[in-house]
Amino acid sequence: MFSYLSLVISQWSIDINQQFIIHSRETEFMTLAQKRAASPRLDNSFISQIQKQIPNLVPPAIALLIFLVVWQLFAWIPGATLPGPIQVIQDTWILILYPFYDKGGIDKGLFWQILASLQRVAISYTLAAIVGIGVGVLIGVNQTMSKALDPLFQLLRTVPPLAWVPISLAALRQNEPAALFVIFITAIWPILINTAVGVTQIPQDYNNVAKVLQLSRKEYFLNILIPSALPYIFTGLRIAIGLAWLAIIAAEIVMSGIVGIGFFIWDAYQNNNVSEVILALVYIGVVGLLLDKFMAWLQNLILPAEQK
């Protein structure tokens, strides 16, 4: 009797183990099937995203191709002084293939030239953003100060970047600080003016609510003023980043002996390397476009949906 019960129990254990193994295999098979089913969906989703972008990419690609063809045709005209795209690539293929070379001094690849310019832009643009937002808020909330400083700001903001170069060199006596000042003084005005306008455009209802709730200055600044003026601030920041990139090129062109894409252009022109100048202009345009797209992405990331 005992042996019979042992046999039954052992047989029952074997059945349970077999069912557990079968269930495990079925679970593993279903998981694998789900993964395989999900992979095509992921692939299809990725492909569908690419297909959605094609209508947006085709027109610019066609326009660029037409521009290059027209440029090349004009370059083949007898007596043309500017090289065509084919000649530019032939003359600058070493700079294109080796952008990271560094032979010391100012003899560096285009990557290091652009990086040096971007570093100057980053430093001065950050300072311009801090000062511009701070002063913009100050004159936005103080009408007397706004009336006193507005004519001065309107006068200074119309001065071209190149006009600031001799002033900055005379005052600072060194190329690097002078270049930083030129970027700063060029980029600050759109930030300052747009911030001031944003502060003055705060709805009166918001100010009334702040008075009813008896918000402190800190709470009013963080919860009402900055959120309300943020779209205007980002508009100024986006305009300023383009002006800062333009200013550094102008500053570096007339400042000798510094590493930067602006001086690279001037040095190439002095050595009659027109193809290198054209290549540098292409790089400048691409970097400027990326900077603008980055600011647009940052704006969409930070701003609430109702303020976009």
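Just the heavy atoms: all of them, side chains too, but no hydrogens, waters or symmetry mates, feed the values below. Treat the numbers as computed from the prediction; the structure is a model and nothing was measured.
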(message) For I139 and L192: C-alpha separation, side-chain torsions, deciding distance, then whether side chain to side chain contact (heavy atoms under 4.5 Å, CB included) applies.
(response) CA-CA 9 Å; I139 66 175; L192 190 154; 3.6 Å; yes
Atom [atom1] in [X], atom [atom2] in [Y]: separation rounded to 0.5 Å?
X    : Y    : atom1 : atom2 : result
W164 : F184 : CH2   : CZ    : 10.5 Å
I278 : N273 : CD1   : CG    : 11.0 Å
I233 : I226 : CD1   : CD1   : 4.5 Å
Q201 : N194 : CD    : CG    : 11.0 Å
Y283 : I265 : OH    : CD1   : 12.5 Å
I185 : L180 : CD1   : CG    : 13.0 Å

To check you understand the geometry: which heavy-atom pair defines the closest contact between [X] and [Y], and what is its length?
X    : Y    : result
A116 : V259 : CB-O, 3.4 Å
A179 : I248 : CB-CD1, 4.3 Å
P83  : A75  : C-CB, 4.1 Å
A240 : A187 : CB-O, 3.3 Å
P190 : L243 : CG-CD1, 3.8 Å
R120 : G260 : NH1-CA, 4.0 Å

When you compare the side chain of [Y] with that of [X], does any pair of heavy atoms fall below 4.5 Å?
X    : Y    : answer
I114 : F264 : no
W71  : V88  : yes
I123 : V121 : no
I284 : I261 : yes
F234 : I302 : yes

Cluster link [X] to [Y], ILVMFWY, side chain under 4.5 Å:
X    : Y    : result
F111 : L118 : no
V282 : L291 : no
V159 : W245 : yes
L246 : V165 : no
W189 : L155 : no

Counting only heavy atoms not in [X] (residues, nucleotides, ligands), do more than 12 fall under 6.0 Å from its [atom1]?
X    : atom1 : result
Y101 : OH    : yes
N271 : CG    : yes
W112 : CH2   : no

(request) For side chain to side chain contact (heavy atoms under 4.5 Å, CB included), just list the numbers for N272 and V274, CA-CA rounded to whole Å, side-chain angles, deciding distance to a tenth of an Å, and then say yes or no. (result) CA-CA 6 Å; N272 200 29; V274 181; 4.1 Å; yes
Can you tell me if [X] uses its side chain to pair, donor with acceptor, with the backbone of [Y] under 3.5 Å?
X    : Y    : answer
T92  : L279 : no
S228 : L225 : no
Y125 : I183 : no
D292 : G288 : no
E252 : I258 : no
T126 : A122 : yes

(request) Give the intermediate values and the outcome of side chain to side chain contact (heavy atoms under 4.5 Å, CB included) for residues Q154 and I193. (result) CA-CA 9 Å; Q154 296 298 333; I193 294 173; 4.1 Å; yes
(message) Before we go on, tell me: are the rings of W266 and Y269 under 6.0 Å apart, centre to centre?
(response) yes
